[in-house]
There are 4 protein chains.
Amino acid sequence: MTERRGKQQRGIATQTALIEASARVFARMEYDTAKLKDISEEAGISLGSLYFHFGNKDDIASAVLDEQQTRMKTVLSAVAEAPHEHALAQLLSLIDEMAALIARDAMVQAGIRLLNSLPDELQARGYGDYVSWQEITQEIIVAGIADGSVTSPRPAEELAEILNEVFVGAQVMSGMRDAWASLPDRITRVRPLLLELFAPTGTR
Amino acid sequence: MTERRGKQQRGIATQTALIEASARVFARMEYDTAKLKDISEEAGISLGSLYFHFGNKDDIASAVLDEQQTRMKTVLSAVAEAPHEHALAQLLSLIDEMAALIARDAMVQAGIRLLNSLPDELQARGYGDYVSWQEITQEIIVAGIADGSVTSPRPAEELAEILNEVFVGAQVMSGMRDAWASLPDRITRVRPLLLELFAPTGTR
Amino acid sequence: MTERRGKQQRGIATQTALIEASARVFARMEYDTAKLKDISEEAGISLGSLYFHFGNKDDIASAVLDEQQTRMKTVLSAVAEAPHEHALAQLLSLIDEMAALIARDAMVQAGIRLLNSLPDELQARGYGDYVSWQEITQEIIVAGIADGSVTSPRPAEELAEILNEVFVGAQVMSGMRDAWASLPDRITRVRPLLLELFAPTGTR
Amino acid sequence: MTERRGKQQRGIATQTALIEASARVFARMEYDTAKLKDISEEAGISLGSLYFHFGNKDDIASAVLDEQQTRMKTVLSAVAEAPHEHALAQLLSLIDEMAALIARDAMVQAGIRLLNSLPDELQARGYGDYVSWQEITQEIIVAGIADGSVTSPRPAEELAEILNEVFVGAQVMSGMRDAWASLPDRITRVRPLLLELFAPTGTR
DNA sequence: GATGAATGAGAATTCATTCAT
DNA sequence: TATGAATGAATTCTCATTCAT
């Protein structure tokens, strides 16, 4: 019994190591560019073992994407539960936290890069879409409109879309330039623009 | 003479067809995902012929990137030569024209996508960088500061960087959603933000 | 431990089989004429496996050349350690042994043939040269001059060069005519000439 | 008529240029290593034209080999017709002349190299063999035995074979080291050995 | 669970040869 | 005659996946 548990634990450790190595690799290069050998070498674990734990390349990417979503949701929940003056403050806080997460977590970086280079089968599995993130921000924006912190006359959907664009732009540029290290700074830098977006000067 | 020209023309026609087919393929998928057979089939030209005109996959990507740069420079020159009230107007016009170009031209779309999926050797050849574009916009911004149309207290470099972020964000989102068709609209939509960026309300 | 050794052994066995099959193929035809499929079929091992063990065609040729050198050095050492009346006897013995080795060992035959058909990259790796063999014989000749067994007034370097020519001539002819089978006989046949070379009649 | 003759002349000039370019290329590398494009570039003549004049790669090699034989026969005849004290002198003279020819004539160099790297079909066409050369020298040796200039007790065939070996050895070494430039010197250097071969000291 | 080895289905690339002009 | 272009049949090489231990 103890032995079995030992084995299980060992297996889980391997699996974790593999997912983390995958994240590091996928954060560096596209899906097709990343070779399973790169991953097994990055993890220091044999290719055979990789296949014991994951059925194929797609599954590994899925695992990374799942883990990414988990980590993003954790941040999301934390922000949701923290007290905020109003919805706009919460939204800005969410963006800050998300930027910080991306900057520090290769798993999330990998997920971001994977979204742009996923084969069709995986796209179909429901990854490969910014939709859910956009829905979340949109909800907060709606709340902001309700509580008066968002005064822009634009519809919530459009605001969410624009926010997304700006955020993605900062992500892409920081991803290209310095492996996302500069993302938090970049976000800080565009905050005035976002404020103007959500609460234009004339309307405040 | 005519004979020679005839042969050259045929070759040039094939080469052009190949570059355009490559552009369509690279606009759809990453460098590694795109197979040379995809290109040769898209062009209706044999793989062998492809290799007669281009030495290898890298060379084809290079040719696409070269042609992209040519087309972007054409638009750039046109905007530079057109009369504008002031530098800021010129900058906004440039962005509009560039968005329109991207939306309609697979060559430019391919170039954009290639920038994110280029193998190292090609990166080294001087592609793979937004730098030159950023320098161009920065120059115009400097002119705008000089002629008073840009009133933001931020340094020109930072303004250029932020503009770039917003533009790239719109590119990426439109690229994912609808093959860049919505890019011009997206740019139109963020214009107020850009105005606020370059000429903040309090400073106008 | 046993398990690991078992796996390694299997791999080594395959590798050995591949090198030996390569030797047989390269002994029969030039580098460019030999196809990797010839080798993999000769070895009864898949092309993929060949690439698992050797990165490319050059590496296989290198492996063959390395093994050839090893085998030649083995003979060399054996002759060096065996007792001889004088250096000239040792030299003649070395030539005999080398001829016998060439006649019986496809690895060495392959190496010989490869030397004439190696691509430039491999030439550069230090193969593709008779120099070291010539240096060895030259050293023995110098010893022969010292111990009086070599009485020719020619400089040692020239003697080594001429010896080399005669030896190579016999190699080439036997290689063309009967896959090196006749080499030992040919060497025996030219012995009087070699004696005359090292100890001319008038000087003995 | 004149026009036709003009055209024919032009064609012959092209053909000659092609054969000579082929010779230069084949003198540098093996049959399989030499690419038809190498030849057409060396000649400065298009690949298409090459195929107009020669049916395929084999035919080009054949043409080179034919021309080589012509040139060797010319030297042979010249030596045969020149007056000599005795057959041995003629033989040595023949070897000298042949060495000089090889050293200066890329066509002959090409032929030599081709002999070792010819595909089977060409071997079958009667090239690929030193036999005829050996027969020629053997005949002279027989004459030498008859006129007393060759005093070796060895049979003529063996003498011819050994001569061949030594000559080939010198060819190969000079071919590898300096594109056959040193061949005449090498031949001069081994002359005492050859004398000893044909007229051993004790028998003169 | 884990590993090194093996495999086959592509993918990139080469090149003798043919074609259209 | 001559040429640039085109082609297809190899050939080398890659890599996700499977296998044996």
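Letters go in sequence order (proteins before strands), and every chain restarts at 1. Note that the coordinates shown come from a computational prediction; the quantities given were computed from them, not determined experimentally.
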Please check this pair: side chain of C:Ser22 against backbone of C:Leu18, looking for a donor-acceptor N/O pair closer than 3.5 Å. yes
C:Ile39 CD1 - F:dC13 P separation (whole Å): 11 Å
Nearest whole angstrom, please: distance from the P of E:dA6 to the CD1 of C:Ile12. 11 Å
Could you please name the option among F:dT7, F:dA6, F:dT12 that lies closest to any side-chain atom of B:Arg10? F:dA6
Could you go step by step and tell me if B:Lys35 and B:Glu41 meet the salt bridge (charged side-chain N to carboxylate O under 4.0 Å, His left out) rule? CA-CA 10 Å; B:Lys35 305 305 172 191; B:Glu41 275 169 9; over 6 Å; no
Out of F:dT1, E:dA2, F:dT12, which nucleotide sits closest to the side chain of D:Phe52? F:dT1
Whole angstrom value for the distance that separates C1' of E:dC15 from OH of D:Tyr31: 12 Å
Using a 4.0 Å heavy-atom cut-off, does A:Leu47 contact any base of the nucleic acid, only the sugar-phosphate backbone, or nothing at all? base
Pairing of C:Lys37 and C:Glu42 as salt bridge, 4.0 angstrom limit: no
C:Tyr31 pairs by side-chain contact (heavy atoms from CB on, under 4.5 Å) with which of C:Leu115, C:Leu114, C:Ile60? C:Leu114
Out of F:dT7, E:dT17, F:dT17, whichever nucleotide has its closest atom nearest the side chain of A:Asn56: F:dT17
Among the candidates F:dT3, E:dA16, F:dT7, find the nucleotide nearest to the side-chain atoms of B:Ser49. F:dT7
Does B:Thr16 use its side chain to pair, donor to acceptor, with the backbone of B:Ile12 at less than 3.5 Å? yes
Any D:Thr14 side-chain N or O less than 4.0 Å from OP1/OP2 of F:dA2: yes
Here the distance between atom C1' of F:dT7 and atom CD of B:Glu41, to the nearest Å, is 15 Å
For D:Asp59 and E:dT17, give me the distance from atom CG to atom C1', rounded to whole Å. 12 Å
Among the nucleotides F:dA2, E:dT13, E:dA5, whichever has the atom closest to the side chain of D:His53 is F:dA2
Among E:dT13, F:dG8, E:dT17, find the nucleotide with the atom closest to the side chain of B:Ser46. F:dG8
May I ask you to evaluate whether B:Lys37 reaches the phosphate of E:dA11, defined as a side-chain N or O under 4.0 Å from OP1 or OP2? no
Looking across every strand, which nucleic acid part, if any, lies under 4.0 Å from C:Ala34 by heavy atom: base, sugar-phosphate, or nothing? sugar-phosphate
Could you check how far CZ of C:Phe54 sits from C1' of E:dT7, rounded to whole Å? 17 Å
Whole-Å distance separating the CD1 atom of D:Ile60 from the P atom of E:dA16: 9 Å
May I have the distance from A:Asp32 (atom CG) to F:dC15 (atom P), rounded to whole angstrom? 10 Å
Side chain of B:Leu36 - closest among F:dC13, E:dA16, E:dA12: E:dA12
Please give the nucleotide sitting opposite F:dA5 as a Watson-Crick or G-U wobble pair, both distances under 3.5 Å, or none. E:dT18
Where the side chain of C:Lys35 is defined as all heavy atoms beyond and including C-beta, which of F:dA5, F:dT12, F:dC13 is the nearest nucleotide? F:dT12
Donor-acceptor pair, D:Ser46 side chain versus D:Ser49 backbone, under 3.5 Å? yes
Where each residue is assigned the nucleotide of DNA chain F containing its nearest heavy atom, which of C:Lys57 and B:Tyr51 is assigned the position nearer the 5′ end? B:Tyr51
Roughly how far apart, to the nearest Å, are E:dG1 and F:dT21 at atom C1'? 13 Å
